[in-house]
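Here is how names work: the chains are called A, B, and so on, in the same order as the sequence lines, proteins then strands, and each is numbered from 1. Predicted, not measured: the structure shown is a model, and the values here were computed from it.
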2 protein chains.
Amino acid sequence: MNHTPDPISFHMNQSCAEARERFIERMGEHMEMEGLPRIAGRLFGLLLVDPGTVSFSDLAERLGVSRGSISTNARLLEGKGLIERVAVDGERQDYFRLADRPFVNMVRGIAARMRETMTLIDDGCRDCGGPSVNPGILATRDFFAEAVENLEELAARLAERCGRENEQ
Amino acid sequence: MNHTPDPISFHMNQSCAEARERFIERMGEHMEMEGLPRIAGRLFGLLLVDPGTVSFSDLAERLGVSRGSISTNARLLEGKGLIERVAVDGERQDYFRLADRPFVNMVRGIAARMRETMTLIDDGCRDCGGPSVNPGILATRDFFAEAVENLEELAARLAERCGRENEQ
DNA sequence: ACGATCGTTTAATCAAGACTGAACGAAAGA
DNA sequence: TCTTTCGTTCAGTCTTGATTAAACGATCGT
């Protein structure tokens with residue numbers, strides 16, 4: 001208790017902790033911009049910063065939100081393949097950690113949504129294919145096709161790199 | 001007036017019109033899912049299937065929305081580089097059509113936003129200073145870097161292809 | 001000058017969803 | 001069995017943002 005911490009490392013830890021907090025908030029804002037609940041983004045950010053597993057109630061406490069919010073948003077992130085729920089032997093609580101390849105799954109999710117858009121436009125091309133169709137719709141379809149291909153390429157590259165580095 | 005249309009082409013037009021309506025609505029729902037106003041999606045869908053240019057008030061009438069909504073959402077889509085506002089010589093009204101190089105600017109916009117988030121994370125890393133930057137934050141930063149690079153690559157490819165096809 | 005028509009803006013309404021707190025059923029430990 | 005702790009769910013609150021109608025300034029035609 002009466003131990004004065006080393007001023008340098010104390011300052012380091014201090015600023016590091018602040019940096020982590022900022023990172024978590026930033027991720028919350030970013031994910032909110034992307035259409036997800038802010039709490040989901042903060043939860044993801046917390047698990048990104050925290051190397052180990054974090055318990056359900058720790059999440060609620062550290063993020064300062066209700067257990068209900070943790071339940072909902074954790075399930076959401078699980079569904080997106082960004083985090084994983086793990087059982088700890090002696091413990092009754094659920095624990096969470098980052099999924100194996102969170103960003104790969106994230107990009108794949110985006111690609112899937114875009115592919116949906118593409119097929120929607122594709123159907124439009126086919127059904128509205130009268131003589132007087134706007135040629136712009138064809139270019140649009142091509143764009144989505146290329147974008148989807150591009151994203152899946154990116155996902156593959158990320159997956160490969162991920163596998164090389166720590167074969168998760 | 002007393003001209004009975006060719007039954008085949010008449011039926012074509014009929015089903016085509018229905019298909020277009022459906023397409024417009026679906027595009028509205030889809031864009032709503034993507035975080036844009038539904039009207040913006042329907043407006044975009046209308047210009048996708050309709051050849052040529054459509055006037056401001058035609059948009060309002062055909063979509064059954066107020067002129068204010070057209071004003072707001074058309075500006076939004078213009079900002080994203082998806083549609084263009086064109087002046088018709090004899091007309092006072094504004095006319096709209098699909099943008100010449102759709103999506104290039106859109107992709108650039110997405111890339112810019114991601115780059116912004118990335119630099120924010122970067123700053124956070126730097127503030128933390130020491131050699132012991134959180135590995136999770138580093139991985140996130142790297143992911144954003146690669147994603148941004150990837151997007152800008154895609155934008156460049158699209159721009160080039162666009163320029164080849166109609167040398168604008 | 002006047003009236004009409006254009007697009008924009010603003011205040012107000014309205015719906016969607018994020019978040020919470022309490023209630024609930026399940027499971028573990030006493 | 002009783003109590004506690006767990007995660008989920010549901011009703012309710014609250015915020016955000018989409019949409020509209022009306023007011024507005026600008027511009028054209030007369």
Side-chain angles (χ1 to χ4, degrees), chain A residues 24-47 53-80 82-97 99 113, chain B residues 24-47 53-80 82-97 99 113:
Chain A
I24 290 174
E25 295 310 317
R26 193 98 62 214
M27 195 57 69
E29 296 167 13
H30 181 75
M31 300 285 261
E32 192 176 28
M33 238 174 43
E34 302 291 326
L36 291 178
R38 167 177 295 223
I39 292 187
R42 297 210 297 143
L43 203 166
F44 183 59
L46 173 53
L47 289 182
T53 64
V54 183
S55 77
F56 189 99
S57 35
D58 272 357
L59 283 176
E61 188 182 358
R62 288 175 61 179
L63 293 180
V65 300
S66 71
R67 289 181 302 147
S69 293
I70 296 298
S71 175
T72 301
N73 289 281
R75 182 159 16 101
L76 174 68
L77 292 176
E78 270 187 283
K80 290 191 175 299
L82 298 185
I83 70 175
E84 279 176 354
R85 188 184 305 243
V86 295
V88 173
D89 47 355
E91 291 281 343
R92 287 178 59 185
Q93 268 189 102
D94 289 353
Y95 280 73
F96 296 93
R97 66 165 179 228
R113 280 194 313 175
Chain B
I24 290 174
E25 294 310 316
R26 284 182 66 190
M27 190 58 71
E29 297 168 13
H30 186 78
M31 299 285 261
E32 193 175 27
M33 239 173 44
E34 300 291 324
L36 290 178
R38 166 178 295 222
I39 293 185
R42 297 210 297 144
L43 204 166
F44 182 61
L46 174 53
L47 290 183
T53 63
V54 184
S55 77
F56 189 97
S57 36
D58 272 358
L59 283 176
E61 188 181 358
R62 288 175 61 180
L63 294 180
V65 300
S66 69
R67 288 179 300 147
S69 293
I70 297 297
S71 175
T72 301
N73 289 281
R75 184 161 12 105
L76 174 68
L77 292 176
E78 268 187 286
K80 289 190 176 297
L82 295 182
I83 71 174
E84 278 177 355
R85 188 183 306 242
V86 295
V88 173
D89 48 354
E91 291 282 340
R92 284 178 62 186
Q93 269 190 100
D94 289 353
Y95 280 72
F96 296 93
R97 67 166 179 226
R113 279 191 314 171

OP1 or OP2 of C/dG7 sitting under 4.0 Å from any side-chain N/O of B/R85?
no
Can you tell me the distance, in whole Å, between the CZ atom of B/F96 and the C1' atom of C/dT8?
12 Å
Residues forming a side-chain hydrogen bond (donor to acceptor under 3.5 Å, both in side chains) with B/S57, sequence neighbours excluded
B/Q93
Near DNA chain D, under 4.0 Å by heavy atom, which residues of residues 32-42 of chain B?
B/P37, B/R38, B/I39
For DNA chain C, the residues among residues 55-70 of chain B that have a non-hydrogen atom under 4.0 Å from it:
B/F56, B/R67, B/G68
Pairs under 3.5 Å (N/O, protein and nucleotides 25-28 of chain C):
unit_1 : atom_1 : unit_2 : atom_2 : d
C/dA27 : N3     : A/R92  : NH2    : 3.3

Partners meeting side-chain hydrogen bond (donor to acceptor under 3.5 Å, both in side chains) with B/S69 (sequence neighbours left out)
B/S66
By ring-ring contact (aromatic ring centres under 6.0 Å, His included) - contacts of A/H30 (at least two apart)
B/F144
One would report the end-axis bend of the helix from C/dA1-D/dT30 to C/dA30-D/dT1, five pairs per end and rounded to 10 degrees, as 0°
Under the salt bridge (Lys or Arg N to Asp or Glu O under 4.0 Å) test, residues paired with A/R97 that sit two or more places apart:
A/E84
So the salt bridge (charged side-chain N to carboxylate O under 4.0 Å, His left out) pairs with at least one residue in residues 61-70 of chain B (sequence neighbours excluded) are B/D50-B/R62
Considering only residues two or more places apart or on different chains, which pairs with a residue in residues 27-36 of chain B satisfy salt bridge (charged side-chain N to carboxylate O under 4.0 Å, His left out)?
A/R113-B/E34, B/E32-B/R38
Not counting sequence neighbours, which residues clear side-chain contact (heavy atoms from CB on, under 4.5 Å) with A/I70? List them please.
A/L43, A/F56, A/L59, A/A60, A/L63, A/V65
